Protein chains: 4
Amino acid sequence: MNTINGIMKRPNKKNLPPGRLKITQALKTLLEHKEFNGITTAEIAKNAGVTEALIYKYFSDKRDLLHEVLREYLENYGVQLEWDLKGIKGAINKLRKLIWSHINVYATNRVFARILLVEVRNHPDYYRSETYKLVQKYSDTVLSIIQEGIRDQEIRDDIPPKLIRHGILGSIEQVCLSGIIFGREISPEDLTEDLCEFIFKGIERKDV
Amino acid sequence: MNTINGIMKRPNKKNLPPGRLKITQALKTLLEHKEFNGITTAEIAKNAGVTEALIYKYFSDKRDLLHEVLREYLENYGVQLEWDLKGIKGAINKLRKLIWSHINVYATNRVFARILLVEVRNHPDYYRSETYKLVQKYSDTVLSIIQEGIRDQEIRDDIPPKLIRHGILGSIEQVCLSGIIFGREISPEDLTEDLCEFIFKGIERKDV
Amino acid sequence: MNTINGIMKRPNKKNLPPGRLKITQALKTLLEHKEFNGITTAEIAKNAGVTEALIYKYFSDKRDLLHEVLREYLENYGVQLEWDLKGIKGAINKLRKLIWSHINVYATNRVFARILLVEVRNHPDYYRSETYKLVQKYSDTVLSIIQEGIRDQEIRDDIPPKLIRHGILGSIEQVCLSGIIFGREISPEDLTEDLCEFIFKGIERKDV
Amino acid sequence: MNTINGIMKRPNKKNLPPGRLKITQALKTLLEHKEFNGITTAEIAKNAGVTEALIYKYFSDKRDLLHEVLREYLENYGVQLEWDLKGIKGAINKLRKLIWSHINVYATNRVFARILLVEVRNHPDYYRSETYKLVQKYSDTVLSIIQEGIRDQEIRDDIPPKLIRHGILGSIEQVCLSGIIFGREISPEDLTEDLCEFIFKGIERKDV
DNA sequence: CATGAATGAGCATTCATTCAT
DNA sequence: TATGAATGAATGCTCATTCAT
């Protein structure tokens, strides 16, 4: 089977031009130790072994390149999540797994986490990008699990589903953020445990 | 009495040159909406209504200006804290008030909080600055309250005091950080409550 | 034959980018009337008909540009000297020709002389530059002629060869310096005559 | 007697304002280790213990300050020379003493020498300054000694006196310049000896 | 006699971006 | 598919100089 650790290889990754791949890879590598604004196009090109001009052949500008890198991460996470949720029954169980998956991908992909939480957030062009739609799609996934839970009477129906979603995603960010910014360890298991205890106490339906 | 909200006006603030005052004020204002690296000296000067050169008459460079602004905040908070702790008895009670004071100053001075938590932390020159000594002084204050608590048998003596301090200050940062970065509300009362419950359960001495 | 005054045209000169050529040429021209520190990058760029940024594409900084210009001169002189020494027999005769060549290149290339004698000398980065190695190579050439002279019993063997070299090169500088700084005429023939009389009287071996 | 090493104290030196004295002294000190263009007004003021503004109370600009410092040296040298020539008989003997005096003042006052030989020469405002008149006066002194020598038939009358003067002063500069620029020792006795031998052979009248 | 406050013009250097080939 | 050459608009910072007091 064409998988690595349960992650499907994207088939189109193969036929992307080599220069393009080198560029995105170079940015990822550089982002491990520097913040995006501190990285120059010259640096990216040099690390990629291509010329600066090539960046502008494949990406409309420097931020667009960042969005594309983010998109790769998001797509991988999308595939991963789909895999992770397979065979799980019940909305609460699905949410628990999703929370773990989310925290885990932040814990193991600091670059991904940092791009999403600190690099793109304050820039309006991000919200207009194609990449942002992937985040919205993910957001929709979370919402539909919650709605499934309400329908199946696992989750209280007196809190607006979107508020629940906001609570969940906000909490995840909150517990991960300082770990990401200050480079501290993030323990997916522990954080998931703490978070679920806290969240589910509030949203789970107390059967009559 | 010469006070505002219990904060003594620094008498020397009056005889600082007007240009200097305008510059620090301009930076504070700009920091409300932009991050430090995105603010240019030209912008600061224009907002202050002075020339760029004047910045370098009063500050050795752009970062030094940032440190000076931070110092003003720190000095004010130092005075405020001293006031706040007056008349409070018992280490636990003092710590509770200190935690509230700390969270409150972050909640009401977002610029202060952002400088301290995100702008200066990664830059080594900060740790060599005079300003950093104020932070250390504050850190010492926290430590001496903890030691007082241990001595008076309010606080467990089997955890190293510095570890307790690290836990307290780290928790404060953790709960405030996402509020600060994403510009969300911070409720000093609620956060203090949550935090104290969590912290004091761990450190308070169970009387035999 | 592809020569000018016996100097081989460097073949790689042709395929240097035009902008780079324009920049070095512009600096050479400006150095005829101004000292290096008084020349701004803006001036260089304007004279070259390029933008200031291009200077930094080809040279790491302003002084590096100066070193590159100096290197061109040194390389040309190196080629010239090799040519000039061809077919000359005897160390004393070679030294005489070398002295004339040296003085002559100063006399005809004031810019070259001024860079070498007044612009780079006091700056430590020069001594770390690649260009400086060319000067050392030249220095080695002089030394080996002296050693040849000692071996062939043309030159006294009771003075350390390096001291002899120091005397020769120091004298050349001394007699040329005021001409260069005050823009006076330099007569290679006369100066060589005077210098050789003085130098050779001291170092030539009196046959027993 | 009101002298130091034979140099008359200028009586007006006493009633110059202290700030002015501090400024000129500061520049002299700084010139020992840095070139004039590399010295800032801020530096001068700081070293003098006064404010930058005061410089502009006493001097019209930075170069004017330099000229004033030069003037002090020139005035001192003028007084010294007058003293040195006292009681000497014969133009040739006077010239010899003058040459020694000139070289000696360069040897013992590097700052003076450097100002005169490298700092002011290329700047047209120097030639319009009051200070330049002192140099011309000195030049006149030399000329009149030469004319005295011609009149007394000590010196050849078939070379224009001004050409002789040019030769003498030019030679002095020539032999001192490299010592000054490269910071080498200057030996007044030896250089005077060499120079006089060379010069006097050319200009002395061979009696029939 | 001296200062404190402020400035205008300029400096070397950087960087994302463009375009003809 | 990729490059080499070039740029325009800043950027942080410096410095001689002015002027009211």
Side-chain angles (χ1 to χ4, degrees), chain A residues 16-20 22-23 37-45 48-65, chain B residues 15-23 37-45 48-65, chain C residues 15-23 37-45 48-65, chain D residues 16-20 22-23 37-45 48-65:
Chain A
L16 285 175
R20 193 186 198 280
K22 284 193 241 163
I23 290 166
N37 276 330
I39 298 168
T40 68
T41 50
E43 230 171 336
I44 296 168
V50 300
T51 57
E52 286 182 77
L54 198 62
I55 296 173
Y56 293 88
K57 271 271 162 337
Y58 295 122
F59 311 98
S60 59
D61 59 17
K62 202 183 142 197
R63 289 209 84 80
D64 181 46
L65 164 58
Chain B
N15 45 24
L16 286 175
R20 193 188 197 278
L21 252 38
K22 283 192 239 164
I23 291 166
N37 277 331
I39 298 169
T40 67
T41 50
E43 231 171 334
I44 296 168
V50 301
T51 54
E52 283 184 76
L54 199 63
I55 297 174
Y56 295 89
K57 272 262 135 60
Y58 296 122
F59 310 98
S60 58
D61 58 18
K62 206 183 136 195
R63 289 208 84 80
D64 181 47
L65 165 58
Chain C
N15 45 25
L16 285 176
R20 194 187 196 280
L21 252 37
K22 284 192 241 164
I23 289 166
N37 278 330
I39 297 169
T40 67
T41 50
E43 231 171 335
I44 297 167
V50 301
T51 55
E52 284 183 75
L54 199 63
I55 296 173
Y56 294 89
K57 273 262 137 55
Y58 296 121
F59 310 98
S60 58
D61 59 18
K62 206 183 136 195
R63 289 208 84 80
D64 181 47
L65 164 58
Chain D
L16 284 175
R20 193 185 198 281
K22 284 192 240 163
I23 290 166
N37 277 329
I39 297 169
T40 67
T41 50
E43 231 171 334
I44 297 167
V50 301
T51 57
E52 285 182 76
L54 198 63
I55 297 172
Y56 293 88
K57 273 270 165 328
Y58 294 121
F59 311 98
S60 58
D61 59 17
K62 203 183 141 197
R63 289 208 84 80
D64 180 45
L65 163 58

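First the proteins, then the strands, lettered A, B, ... as listed; each starts at 1. For clarity, every value in this text was computed on a predicted model and none was experimentally measured.
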Exercise for review: Tell me what B:T40 touches on the nucleic acid: a base, only sugar-phosphate, or nothing, going by heavy atoms under 4.0 Å.
Suggested key: sugar-phosphate
Review point. For A:I44, which contact category applies under a 4.0 Å heavy-atom criterion: base, sugar-phosphate, or nothing?
Key: nothing
Review point. Hey, does B:T41 reach any base, or is it just sugar-phosphate, or nothing, if we go heavy atoms under 4.0 Å?
Key: base
Practice item. Could you tell me the separation between the CD1 atom of D:I55 and the P atom of E:dG4, rounded to a whole number of Å? Key: 14 Å
Practice item. Could you tell me the separation between the CG atom of C:D61 and the P atom of E:dA12, rounded to a whole number of Å? Key: 11 Å
Exercise for review: Tell me, please, the opening and closing nucleotides of DNA chain F, 5' to 3', among those with an atom under 4.0 angstrom from a non-hydrogen atom of chain A.
Suggested key: F:dT1 to F:dG4
Review point. Which dot-bracket string fits DNA chain E when only Watson-Crick or G-U wobble pairs with both atom distances under 3.5 Å count, crossing pairs get [ ], and | stands for a partner on a different strand?
Key: .||||||||||||||||||||
Check your understanding: So which heavy atom on D:G19 is nearest to which on D:Y58, and how close?
Key -> C-CE1, 4.2 Å
**Study point:** Which residue lies more 5' along DNA chain E, comparing B:G49 with C:A42 via nearest heavy atoms
**Key:** B:G49
Practice item. Scan B:L65 against the nucleic acid and name what it touches under 4.0 Å (heavy atoms): base, sugar-phosphate only, or nothing. Key: nothing
**Study point:** Minimal non-hydrogen separation, D:E43 against D:I39, with atom names
**Key:** OE1-CA, 3.6 Å
Review point. For A:I23 and E:dA16, what is the distance between atoms CD1 and P respectively, to the nearest whole Å?
Key: 14 Å
**Study point:** First of B:S60 and C:L54 reached from the 5' end of DNA chain F, by closest nucleotide
**Key:** C:L54
Exercise for review: To the nearest Å, give me how far apart CD (C:E43) and P (E:dC11) are.
Suggested key: 8 Å
Point to revise | Point-to-point distance, once rounded to the nearest 0.5 Å, from CD1 of C:I23 to NZ of C:K57 | key: 11.0 Å
Review point. After noting the C-alpha distance and the side-chain angles of A:N37 and B:N37, does the key distance pass the side-chain contact (heavy atoms from CB on, under 4.5 Å) rule?
Key: CA-CA 9 Å; A:N37 276 330; B:N37 277 331; over 6 Å; no
Point to revise | Spacing between C:D64 atom CG and E:dA12 atom C1', to the nearest angstrom | key: 14 Å
Check your understanding: Taking atom C1' of E:dT7 as reference, at what distance in whole Å does atom NZ of B:K57 sit?
Key -> 9 Å
Practice item. Describe the nucleic acid contact of B:Y58 in one word from base, sugar-phosphate, nothing, applying a heavy-atom distance below 4.0 Å. Key: sugar-phosphate
Review point. Given atom OH of A:Y56 and atom C1' of E:dC15, what is their separation to the nearest angstrom?
Key: 8 Å
Review point. Who pairs with C:E52 by side-chain contact (heavy atoms from CB on, under 4.5 Å), at least two apart in sequence or on another chain?
Key: C:T41, C:A42, C:A45
Review point. So what does D:I39 hit on the nucleic acid, given a heavy-atom distance under 4.0 Å: a base, only sugar-phosphate, or nothing?
Key: sugar-phosphate
Review point. In chain order, what residues pass the side-chain contact (heavy atoms from CB on, under 4.5 Å) check against A:A53, with sequence neighbours excluded?
Key: A:T51
Exercise for review: Please figure out whether B:T51 or C:G38 has its closest DNA chain E nucleotide nearer the 5' end.
Suggested key: B:T51
Check your understanding: Just how far is it from atom CD1 of B:I55 to atom NZ of B:K62, taken to the nearest 0.5 Å?
Key -> 9.5 Å
Exercise for review: Measure the spacing between CZ of A:R20 and CG of A:L65 and express it to the nearest 0.5 Å.
Suggested key: 8.5 Å
Practice item. Search all heavy atoms of B:F59 against all heavy atoms of B:D64 and return the closest pair with its distance. Key: CA-OD2, 3.4 Å
